[in-house]
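Below is one structure; the comments refer to it alone.
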Amino acid sequence: MELPEGSKAFFVGTKEFEDAFADEVWLRVGHDHFPVAGGENDWMLSDFGSARSNDSGMGDALVPLFSSRSQSSVTKPLMGEAVALAVETHEIPAEVQEAISAAYRAAKEG
């Protein structure tokens, strides 16, 4: 994707925002916010490594994964809220921190 010169854009993750967070964070999101229905076959770290290798992006793989295993309707906004609640400050990727800081600066300037 080519952006117009002078545009202020930030890329986070290799394909999507979800890619920027470690599998350990997603494991915690699964345990805390989208528990496996029936309590069987609980979330494992390998579930998220598999999602990370999805050709269409990790977020597109996580939505159906969380939805099917938790037997609930999971959306990207719900996942965003869940990761925000689950992540520790030291686990926030530098590129996410940079994008948030830039948005804050732009809002102050605007």
Side-chain angles (χ1 to χ4, degrees):
M1 173 173 65
E2 192 170 315
L3 297 171
E5 190 170 323
S7 66
K8 295 179 181 178
F10 289 86
F11 293 93
V12 178
T14 56
K15 295 182 183 178
E16 299 178 283
F17 179 79
E18 293 87 355
D19 294 316
F21 293 92
D23 292 348
E24 291 80 8
V25 171
W26 289 113
L27 179 65
R28 198 164 46 251
V29 167
H31 285 300
D32 295 348
H33 299 278
F34 307 115
V36 175
E40 295 183 29
N41 299 320
D42 205 11
W43 294 109
M44 296 178 17
L45 201 55
S46 61
D47 293 324
F48 304 100
S50 297
R52 192 172 295 285
S53 65
N54 184 301
D55 287 338
S56 60
M58 187 170 187
D60 288 341
L62 287 176
V63 168
L65 178 64
F66 283 138
S67 294
S68 66
R69 301 258 330 263
S70 68
Q71 294 183 354
S72 61
S73 180
V74 176
T75 63
K76 282 195 172 195
L78 282 175
M79 285 189 336
E81 181 179 342
V83 79
L85 293 169
V87 72
E88 300 288 332
T89 302
H90 69 276
E91 296 172 310
I92 299 173
E95 58 266 48
V96 172
Q97 292 178 31
E98 182 180 334
I100 291 168
S101 294
Y104 180 73
R105 284 191 306 275
K108 283 179 68 173
E109 294 169 3

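Just so it is clear, the model here is predicted, and its values are computed rather than measured.
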Can you tell if the side chain of [X] reaches within under 4.5 Å of the side chain of [Y], non-hydrogen atoms only?
X	Y	answer
Val63	Met79	yes
Lys76	Phe17	no
Val83	Trp26	yes
His31	Leu27	yes

Can you give me every donor-acceptor pair (side chain of residues 84-94, partner residue at least two apart or in another chain, under 3.5 Å) with its distance?
| from | atom 1 | to | atom 2 | distance (Å) |
| --- | --- | --- | --- | --- |
| Glu91 | OE1 | Arg28 | NH2 | 2.4 |
| Glu91 | OE1 | Glu88 | N | 2.8 |
| Glu91 | OE2 | Arg28 | NH2 | 2.9 |

Q.
Tell me the closest heavy-atom pair linking Arg52 and Ala22, and the distance in Å.
A.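 Taking every non-hydrogen atom into account, NH2-C, 3.8 Å.
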Q: Locate the shortest heavy-atom distance separating Ser50 from Ser53; write the atom from each residue and the value.
A: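 Closest approach of Ser50 to Ser53, heavy atoms only: O-OG, 2.8 Å.
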Q: State whether the side chain of Ser67 and the backbone N or O of Ser73 hold a donor-acceptor pair below 3.5 Å, judged by distance alone.
A: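 Answer holds: no.
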Q.
For Met44, is there any backbone N or O sitting under 3.5 Å from a side-chain donor or acceptor partner on Asp47?
A.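 Looks like yes, one N/O pair under 3.5 Å.
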Q: Evaluate the side chain to side chain contact (heavy atoms under 4.5 Å, CB included) criterion for residues Asp19 and Glu95: first the C-alpha distance (whole Å), next the side-chain angles of each, then the deciding distance (0.1 Å), finally the verdict.
A: CA-CA 11 Å; Asp19 294 316; Glu95 58 266 48; over 6 Å; no
Q.
Can you tell me how the ring of Trp43 sits relative to the ring of Phe66, calling it parallel under 30°, perpendicular over 60° and tilted otherwise?
A.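 Aromatic pair Trp43/Phe66 classed perpendicular.
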Q.
As a quick check of understanding, evaluate side chain to side chain contact (heavy atoms under 4.5 Å, CB included) for Leu65 and Phe34, giving each step before the final call.
A. CA-CA 10 Å; Leu65 178 64; Phe34 307 115; over 6 Å; no
